[in-house]
Each structure stands twice: as C-alpha cells, then as structure tokens.
Novice: 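Can you keep this structure in mind? I'll have questions shortly.
Residue indices begin at 1 and follow the sequence shown.
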Amino acid sequence: GWGGVAAGGRPALGGGFRGSPFVAGGHAAGSRDYDVGWRLEPEGTGAPNLTLALKATRRERADDAANQGVGIDLTARW
C-alpha cells in the first residue's frame, strides 16, 4: 500500500489537536483501494490520545463494479 499525510497540518480545537488531510491506497491481485480524508490527531503533551479520521473510500475489483463509501475511524489509546 501507499499513503501520506500533508506535512504540518493546522492547529485545531484550541491547539490540543492538529488537523491534516491524507491520501492512502493499496493494491493486490485484481483490486485497488483509495482513501482520502482529514485526520485529527493529538498535539503535544496533555492532549488526549485520541485520533479521529473522516474519509471517503473507493474500492475497485477486477471482477465487480467499484464501491464507494464514507466513514469515520476513531482510535483511542490508553
């Protein structure tokens, strides 16, 4: 797979978090996946260890029509 987050991002929610756009993708035999979205990550000490990502996904399979979707990923670590 491949992917990336735009360098730097922007401070968000009073500076405790950083917002960054991202793109990601992958491929395997007969399929390709693409994600594009926006990620909110903790910035600095004292910020909750919580990451939120809003994303749009497209999955292309050689033997089927393409599928699109919109989703939310939430990751909390403790």
Side-chain angles (χ1 to χ4, degrees):
W2 55 270
V5 174
R10 306 274 308 166
L13 300 177
F17 289 87
R18 180 161 298 277
S20 303
F22 69 90
V23 296
H27 65 282
S31 70
R32 291 183 295 204
D33 296 343
Y34 305 98
D35 292 327
V36 72
W38 186 77
R39 182 174 294 131
L40 187 63
E41 299 176 289
E43 177 75 12
T45 60
N49 200 349
L50 180 69
T51 301
L52 172 68
L54 305 172
K55 67 180 183 176
T57 301
R58 178 176 173 89
R59 291 191 168 84
E60 299 174 352
R61 308 274 187 251
D63 61 351
D64 195 9
N67 294 313
Q68 295 89 19
V70 176
I72 298 173
D73 288 340
L74 179 62
T75 305
R77 297 188 177 133
W78 58 92

Novice: Minimum heavy-atom separation for Ala76 to Leu50, with atom names?
Specialist: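 Result for this residue pair: CB-CD1, 3.9 Å.
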
Novice: On a heavy-atom basis, which atom in Ala12 and which in Gly19 lie closest, and how many Å separate them?
Specialist: CB-N, 4.3 Å

Novice: Out of curiosity, Arg61 CZ to Asn67 CG, how far, rounded to the nearest 0.5 Å?
Specialist: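 Atom-to-atom, Arg61:CZ and Asn67:CG are 7.5 Å apart.
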
Novice: Check the surroundings of atom CD1 in Ile72: do more than 12 heavy atoms from other residues, nucleotides or ligands lie under 6.0 Å from it?
Specialist: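 No, CD1 of Ile72 has 12 or fewer neighbouring heavy atoms, counting only those of other groups under 6.0 Å.
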
Novice: State the CZ-CZ distance between Arg32 and Arg59, to the nearest 0.5 angstrom.
Specialist: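 With rounding to 0.5 Å, CZ (Arg32) is 14.0 Å from CZ (Arg59).
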
Novice: Quick one: pull up CZ in Arg18 and CD in Glu41 and give me the separation to the nearest 0.5 Å.
Specialist: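 The CD atom of Glu41 is 9.5 Å from CZ of Arg18, to the nearest 0.5 Å.
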
Novice: To the nearest 0.5 Å, what is the distance between CG on Leu40 and OG1 on Thr51?
Specialist: 8.0 Å

Novice: Under 4.5 Å between side-chain heavy atoms, counting indirect links through other Ile/Leu/Val/Met/Phe/Trp/Tyr residues: same cluster for Val70 and Phe22 or not?
Specialist: no

Novice: Check step by step if side-chain contact (heavy atoms from CB on, under 4.5 Å) holds for Asp33 and Thr57.
Specialist: CA-CA 7 Å; Asp33 296 343; Thr57 301; 5.6 Å; no

